[in-house]
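I have placed the structure first, in the form of structure tokens, so that the comments after it can refer back to it.
Values below: every heavy atom of this structure, side chains too, minus hydrogens, waters and symmetry copies.
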Amino acid sequence: MTTGFEFLTQDDERLLLEKSTCVTYRPGEQILEEGSRRQGIFIVRSGLVGVEVAHLGRGVALRQLGPGAIFGEMSFLESAAASASVVAREECTLDVIEGPYVHSLLASVPGLAARFYQSLAIMLAQRLRENTAMLPPLLVEDVPQVNRFHAARTGQAGTNNIPPKLIDTVEQFKFEMMIADRMVKEAKHPEAEIQEKVSAACQTIVSALREHIERERHLEKGIGAYVFRETFSLFMLSRTVDRCYTKPRGYAGDFYTIEMMYNDEPAGDGRLGRFIDQWGLALEACRAVKNRRGVLSRALREACRVHHGSGPVLVTSLASGPARELFDLFAEGGEPPDIKATCIDIDNQALAYAAGIAEELGVMDRFSFAQDNVVRLAHGRGRTVLKPQHMIYSIGLTDYLRDDLVVSLLNCMHDKLLPGGIAVVGNFGVNNPSKAFMDHVLEWELIHRSADDLKTLFSRSKFVNTPVEVRAEEAQVNLFAFCTKT
């Protein structure tokens, strides 16, 4: 078998493997522990292993390695503790070459040391490239959406150009919110009455912003900047609105923001914060996010039903976030589905969070968590090894991607699906009533697509003319394209 050391001769490889020990590990068994000072070279002969680092008390996968892959080389080079743990993802067989034997071999065979260390240098250079690609600010072309800077709000249309009717609406909004604030302070009014007043005022702004932009497209930036400046201090009292705008993880739809929407527990600052937040959590876009969880859970249950009896149903979630739609399958009670799920996300905190949920439910053996750049994965430059899958889905990624990147992603999904496997792609639809508010107040800019747009993207991919079914969640804002590989 080839060891993966690029510059070793066949005789070099034979000598290296001559004193190796062949070891078999069961799924979930730890091969190498983070912090261990064991010196040696490990070569994967068969099966898959996962490389993990501890994060927030849980292991988060950095990469998966298949046959021919090598690990342990950095600890060998540095004579230092292992920087990551390695765990068997399935039954696997490894050749283990102990460090003292390698050192003695390098010292006794002329030229071997040069070829060995040159091979290691190539391996580490490739790994450095992969790790660098995981840093979003450095590779903007490989990142779905990272708003590093907020949009400029000056230099747009002046007040004289803003439609007078919109100005009146904004002033009325501020007046209504002042009255609501006074009502809270007086503590004489039912909360339902206050909530109704706040929600009506906020919704009036969202509707007016959308209508005026649709009517006067040439003033869109000026109208958006005006509404933002005049309403910002009030909307940002909402915890959800504030998080969407500030984007602590670099983009609006991060795992914790999604969890806030799922939990639906209003909070905020000042007397009006929680009332504005309650309205924000009921916004069409937020309702769509909450509804899509159910759409995917139903699709996952259907996949389990269709493929029942053929072994574990293999499922992969791309840009997985909190992965609640998967965990819902195990929280319903009754017989749990026979499923093996891989959650891939660029955000290690999202993976650690999801791993915590899996641990609480006692289903860690059903899940693998891999940190990877999904766009690089789509281009064949990712580092996650996947067996052919029964279902691969993206619940909220493609509306951050250009058309060409979506096609690349669909090609990747097609290649990694079993015949009869299903690809599912979610995207915000063009009829999203919250779009103007998302664009100009939250700065949560998505690429909205119609059902026909999604079908066209599939037709440009390796799925070609395979029929595509497009479904919408209950709010009719988020679309989901389903396509079965034939």
Is there side-chain contact between [X] and [Y], with at least one heavy-atom pair below 4.5 Å?
| X | Y | value |
| --- | --- | --- |
| I41 | E73 | yes |
| V86 | F42 | no |
| P248 | R243 | yes |
| I357 | F330 | no |
| E443 | K247 | yes |
| V470 | K455 | yes |
| D338 | H308 | no |
| M364 | F369 | yes |

Before giving the answer on ring-ring contact (aromatic ring centres under 6.0 Å, His included), spell out for F232 and Y245 the whole-Å C-alpha distance, their side-chain angles and the decisive distance to 0.1 Å.
CA-CA 10 Å; F232 179 83; Y245 176 75; 5.3 Å; yes
Determine whether R324 and E259 satisfy the following criterion, salt bridge (charged side-chain N to carboxylate O under 4.0 Å, His left out), listing intermediate values before the conclusion.
CA-CA 9 Å; R324 285 290 185 179; E259 277 292 271; 2.8 Å; yes
Minimum-distance pair of heavy atoms, taken over all atoms of [X] and [Y]:
| X | Y | answer |
| --- | --- | --- |
| D372 | R383 | OD2-N, 2.8 Å |
| T9 | R115 | CG2-NE, 4.1 Å |
| L410 | S461 | CB-CB, 3.7 Å |
| K462 | N411 | N-OD1, 2.7 Å |
| S20 | I97 | CB-CG1, 3.7 Å |
| D277 | S238 | OD1-OG, 2.5 Å |

Residue of the set V441, D254, T257 for which side-chain contact (heavy atoms from CB on, under 4.5 Å) holds with C244:
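Only one option passes, and that is T257.
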Pick one: which of V385, V87, L65 meets side-chain contact (heavy atoms from CB on, under 4.5 Å) with V49?
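It is L65, the one option of V385, V87, L65 that forms the side-chain contact (heavy atoms from CB on, under 4.5 Å) with V49.
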Quick one: does any side-chain atom of [X] pair with a main-chain N or O of [Y] as donor and acceptor, under 3.5 Å?
| X | Y | answer |
| --- | --- | --- |
| R249 | F255 | no |
| N427 | I447 | yes |
| H390 | V315 | no |
| E473 | V477 | yes |
| S75 | Q39 | no |
| Q30 | G28 | no |
| S36 | A82 | no |

N-O pairing of [X] and [Y] below 4.0 Å:
| X | Y | result |
| --- | --- | --- |
| E33 | R38 | no |
| E52 | R89 | yes |
| R14 | E18 | yes |

Tell me if the [atom1] atom of [X] is crowded by more than 12 foreign heavy atoms within 6.0 Å.
| X | atom1 | result |
| --- | --- | --- |
| M236 | CE | yes |
| Y256 | OH | no |
| D415 | CG | yes |
| E302 | CD | yes |
| N465 | CG | no |

How many angstroms lie between [atom1] in [X] and [atom2] in [Y], if you round to the nearest 0.5 Å?
| X | Y | atom1 | atom2 | answer |
| --- | --- | --- | --- | --- |
| K416 | T384 | NZ | OG1 | 8.5 Å |
| I31 | L94 | CD1 | CG | 5.0 Å |
| E29 | T24 | CD | OG1 | 9.5 Å |
| L454 | C483 | CG | SG | 11.5 Å |
| D345 | Q371 | CG | CD | 8.5 Å |
| N478 | R287 | CG | CZ | 12.5 Å |

Passes side-chain contact (heavy atoms from CB on, under 4.5 Å), L446 versus Y400? Steps please.
CA-CA 6 Å; L446 299 175; Y400 294 103; 3.4 Å; yes
Derivation and outcome, side-chain contact (heavy atoms from CB on, under 4.5 Å), residues Y393 and L300:
CA-CA 10 Å; Y393 69 92; L300 288 162; 4.0 Å; yes
I422 and L417: side-chain contact (heavy atoms from CB on, under 4.5 Å), yes or no, with the steps?
CA-CA 7 Å; I422 188 166; L417 280 172; 5.9 Å; no
Can you label the angle between the W444 ring and the F428 ring as parallel, tilted or perpendicular, going by 30° and 60°?
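Ring orientation of W444 relative to F428: tilted.
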Can you label the angle between the F437 ring and the W279 ring as parallel, tilted or perpendicular, going by 30° and 60°?
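Ring orientation, 0 to 90° scale: perpendicular.
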So, is the end of the R471 side chain (NZ or CZ) under 6.0 Å from the ring centre of F482 and within 45° of the ring's axis?
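Positive - R471 is close enough to the ring of F482 and near enough to its axis.
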Is NZ or CZ of R293 both nearer than 6.0 Å to the six-membered ring centre of Y262 and within 45° of the ring axis?
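Yes, a cation-pi geometry holds between R293 and Y262.
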Residue pair D453 / T456, side-chain donor-acceptor N/O under 3.5 Å
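Their side chains do not contain a donor-acceptor pair, so the 3.5 Å distance test is not met.
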Which of these, E445, E220, K435, sits in a side-chain hydrogen bond (donor to acceptor under 3.5 Å, both in side chains) with H440?
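Single side-chain hydrogen bond (donor to acceptor under 3.5 Å, both in side chains) partner of H440 among E445, E220, K435: E220.
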Taking the six-membered ring for Trp and the single ring otherwise, decide whether the centroids of H414 and F463 are under 6.0 Å apart.
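Yes, they do, as the ring centres are separated by less than 6.0 Å.
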Dump the intermediate steps for side-chain contact (heavy atoms from CB on, under 4.5 Å) on H307 and L314, then the final yes or no.
CA-CA 10 Å; H307 299 288; L314 304 179; over 6 Å; no
